[in-house]
Amino acid sequence: MRVKEIILLIIVMITISSCSSQKAITEREVNVKKELSESKQQQYYYIFIEANRKKLLGDVSGALALYYQCLEINPEGAGAMSEISKINQIMKNYETAVKYGKLAIENDPENKWYKINLAQLYILTQDYQSAADVYEDIYKGHKNDLEIPYNLAALYGHLNNYKRAIELYNDIEKRAGVNESLSIAKQQLYYTLGNKTKAFDEITKLINHYPNEPRYYGIIAEMYTNDNLFLKAEENYNKLFKLDSTNELGMLSIIDFYRKKMDYDKAFDMIKKVIDSDKIEFNQKVMVFVSIMNNQSEFSIYNRQINDLLVILKDKYPEKRDSYTLYADYLIKMNLLDEAKEQIECWQKRVAQR
């Protein structure tokens with residue numbers, strides 16, 4: 001899921017980059033072939049500027065017609081081709097957009113922005129391998145642009161080419177230094193490859209560089225918990241809470257640690273603290289109850305403690321519908337149908353009194 005979210009982020013970043021480079025593209029495209037006469041050059045320049053004006057005013061059809069006129073004057077006008085590609089992208093004519101995007105690159109192979117536009121089109125049409133190929137080509141000539149390998153690594157993650165993605169992240173790290181987004185991305189890729197040692201190394205690296213950041217101790221504590229290494233997990237939770245005693249993510253995370261360790265007294269104590277905390281959102285508290293109530297073995301053994309905590313939740317949030325529906329769900333699971341009905345009716349009365 002994270003990889004798909006990163007793919008969508010690439011599209012947004014590309015769009016922003018393309019807009020910011022509009023002036024540079026405009027300047028390039030008016031440099032038509034030298035063999036054109038001076039009058040043809042002036043005609044091309046005038047029509048292109050007018051096409052841009054129409055595009056900015058929202059008249060994309062009028063702009064498109066003028067860009068085609070530019071090509072009648074100069075059939076190798078890469079700038080006009082790129083704009084035709086962009087407009088067809090807006091109109092969702094992707095086949096035509098790709099055609100002119102490729103033509104723009106053929107006629108101006110050094111223009112990075114034309115290539116980025118084509119890569120964007122490939123992403124929109126879910127041709128991720130072609131998008132990666134275009135980004136690889138850009139990367140060869142723009143080693144100092146760290147956004148290019150970052151986006152390329154995200155594409156390779158989507159293509160399940162995890163080793164190449166890690167290579168690119170490592171290359172970025174060598175030049176930009178250690179940072180959270182790179183290490184977290186690599187950690188997840190190493191996990192996917194089954195290399196837990198490398199995954200742990202990435203989070204350890206973050207801790208060594210940023211020893212006062214509580215979240216990293218929480219991440220590695222969860223990793224140790226997943227591997228049933230409870231002593232190491234607890235050690236890192238202790239470091240987390242030493243730095244931030246009311247860290248909301250840590251409080252939510254350690255509940256699962258206690259549950260997996262089967263230390264339910266501490267788990268329920270922490271759930272109560274979570275309910276009391278004003279730093280933790282109500283919906284996050286609801287999800288804690290959803291998780292434990294959907295665990296049949298935990299519910300059957302600890303339904304009394306769950307009941308007590310649900311009452312505390314409802315007392316703290318009497319204005320929240322889920323306080324009542326959660327308790328009603330609990331009562332239904334306990335086969336107390338009349339009591340469950342009362343909870344729903346109680347909420348309905350509150351709504352009617354507003």
Side-chain angles (χ1 to χ4, degrees), residues 212-351:
N212 294 322
E213 176 50 62
R215 287 184 300 113
Y216 303 148
Y217 295 101
I219 292 171
I220 205 165
E222 289 179 354
M223 294 167 69
Y224 281 127
T225 300
N226 291 335
D227 284 352
N228 296 320
L229 298 172
F230 298 128
L231 288 176
K232 286 186 172 292
E234 191 164 21
E235 177 184 334
N236 281 279
Y237 277 122
N238 288 338
K239 291 177 180 178
L240 183 159
F241 289 117
K242 185 176 181 180
L243 289 167
D244 182 359
S245 61
T246 60
N247 184 278
E248 55 266 39
L249 292 178
M251 293 170 69
L252 291 165
S253 174
I254 203 169
I255 291 171
D256 289 331
F257 163 73
Y258 287 137
R259 287 171 64 189
K260 191 164 186 180
K261 192 182 173 186
M262 301 187 73
D263 190 343
Y264 285 97
D265 287 339
K266 289 184 178 179
F268 291 125
D269 283 344
M270 185 56 69
I271 293 174
K272 186 178 183 303
K273 290 179 182 178
V274 165
I275 295 171
D276 291 339
S277 173
D278 292 328
K279 294 174 64 178
I280 299 174
E281 294 182 1
F282 175 74
N283 288 340
Q284 292 177 298
K285 300 175 184 184
V286 169
M287 293 310 299
V288 172
F289 282 100
V290 169
S291 174
I292 201 165
M293 287 170 63
N294 284 338
N295 186 307
Q296 188 173 351
S297 62
E298 289 180 330
F299 185 84
S300 63
I301 298 172
Y302 299 104
N303 56 75
R304 182 183 60 78
Q305 290 91 332
I306 294 170
N307 175 83
D308 294 343
L309 290 167
L310 283 168
V311 170
I312 294 172
L313 182 74
K314 196 175 69 163
D315 288 344
K316 184 173 178 64
Y317 297 100
E319 78 289 356
K320 297 286 189 179
R321 182 184 63 181
D322 282 346
S323 296
Y324 297 84
T325 55
L326 264 178
Y327 198 26
D329 184 40
Y330 165 84
L331 293 167
I332 291 170
K333 290 179 183 293
M334 295 295 293
N335 203 30
L336 300 171
L337 303 184
D338 290 339
E339 288 86 342
K341 182 181 177 182
E342 288 176 6
Q343 290 300 313
I344 301 301
E345 290 174 347
C346 183
W347 168 250
Q348 292 172 340
K349 286 179 182 178
R350 287 190 64 88
V351 172

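Starting from 1, each residue takes its place in the sequence as its number. In this text the structure is predicted, and so the values were computed from the model without any measurement.
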Test side-chain contact (heavy atoms from CB on, under 4.5 Å) on Y258 and I271 and set out the steps.
CA-CA 11 Å; Y258 287 137; I271 293 174; over 6 Å; no
Let me see the working for L231 and E235 under side-chain contact (heavy atoms from CB on, under 4.5 Å), right down to the final yes or no.
CA-CA 6 Å; L231 288 176; E235 177 184 334; over 6 Å; no
Taking all non-hydrogen atoms of both residues into account, name the closest pair between [X] and [Y] and its distance.
{"X": "K285", "Y": "I280", "value": "CE-O, 3.2 Å"}
{"X": "Y217", "Y": "L243", "value": "CE1-CD1, 3.5 Å"}
{"X": "F268", "Y": "I306", "value": "CE2-CG1, 4.3 Å"}
{"X": "L309", "Y": "I275", "value": "O-CD1, 3.6 Å"}
{"X": "A328", "Y": "A340", "value": "O-CB, 3.6 Å"}

Residues two or more places apart in sequence or in another chain: which of them pass side chain to side chain contact (heavy atoms under 4.5 Å, CB included) with N307?
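With neighbours one apart ignored, the set is V311, Y327, Y330.
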List the residues meeting side chain to side chain contact (heavy atoms under 4.5 Å, CB included) with E339, not counting sequence neighbours, and say none if there are none.
L331, L336
Give the ring-plane orientation class for Y237 versus F257, where under 30° counts as parallel, over 60° as perpendicular and anything between as tilted.
tilted
Check whether any side-chain N or O of [X] sits under 3.5 Å from a backbone N or O of [Y] as a donor-acceptor pair, and report yes or no.
{"X": "Y324", "Y": "E342", "answer": "no"}
{"X": "D244", "Y": "L240", "answer": "no"}
{"X": "K279", "Y": "T246", "answer": "yes"}
{"X": "T225", "Y": "A221", "answer": "yes"}
{"X": "S323", "Y": "Y317", "answer": "yes"}
{"X": "N303", "Y": "S300", "answer": "yes"}
{"X": "E213", "Y": "R215", "answer": "yes"}
{"X": "K266", "Y": "I254", "answer": "no"}
{"X": "N226", "Y": "E222", "answer": "yes"}

When rounded to the nearest 0.5 angstrom, what distance separates [atom1] in [X] from [atom2] in [Y]?
{"X": "K333", "Y": "N294", "atom1": "NZ", "atom2": "CG", "result": "5.5 Å"}
{"X": "K232", "Y": "M223", "atom1": "NZ", "atom2": "CE", "result": "12.5 Å"}
{"X": "D256", "Y": "S291", "atom1": "CG", "atom2": "OG", "result": "6.0 Å"}

Going by heavy atoms in the side chains, are M251 and F241 under 4.5 Å from each other?
yes
Inter- and intrachain pairs under salt bridge (charged side-chain N to carboxylate O under 4.0 Å, His left out), touching residues 314-323, at least two apart:
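Only D278-K316 qualify under salt bridge (charged side-chain N to carboxylate O under 4.0 Å, His left out).
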Taking salt bridge (charged side-chain N to carboxylate O under 4.0 Å, His left out) as the cut-off, I'd like each qualifying pair that reaches into residues 286-304, sequence neighbours left out, listed once.
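Only R259-E298, R304-D308 qualify under salt bridge (charged side-chain N to carboxylate O under 4.0 Å, His left out).
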Stepwise, does the salt bridge (Lys or Arg N to Asp or Glu O under 4.0 Å) test hold for K349 with E345?
CA-CA 6 Å; K349 286 179 182 178; E345 290 174 347; 5.7 Å; no
Is it true that D269 and K273 make a salt bridge, defined as a side-chain N closer than 4.0 Å to a carboxylate O?
no
I'd like to check the salt bridge (Lys or Arg N to Asp or Glu O under 4.0 Å) partners of K260; sequence neighbours left out, ordered by chain and number.
none
Can you sort out the partners of N335 under side chain to side chain donor-acceptor pair (under 3.5 Å), two or more places apart, ordered by chain and number?
none
Does K239 have more than 12 heavy atoms from other residues, nucleotides or ligands lying within 6.0 Å of its NZ?
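Enclosed: over 12 neighbouring heavy atoms sit under 6.0 Å from NZ of K239.
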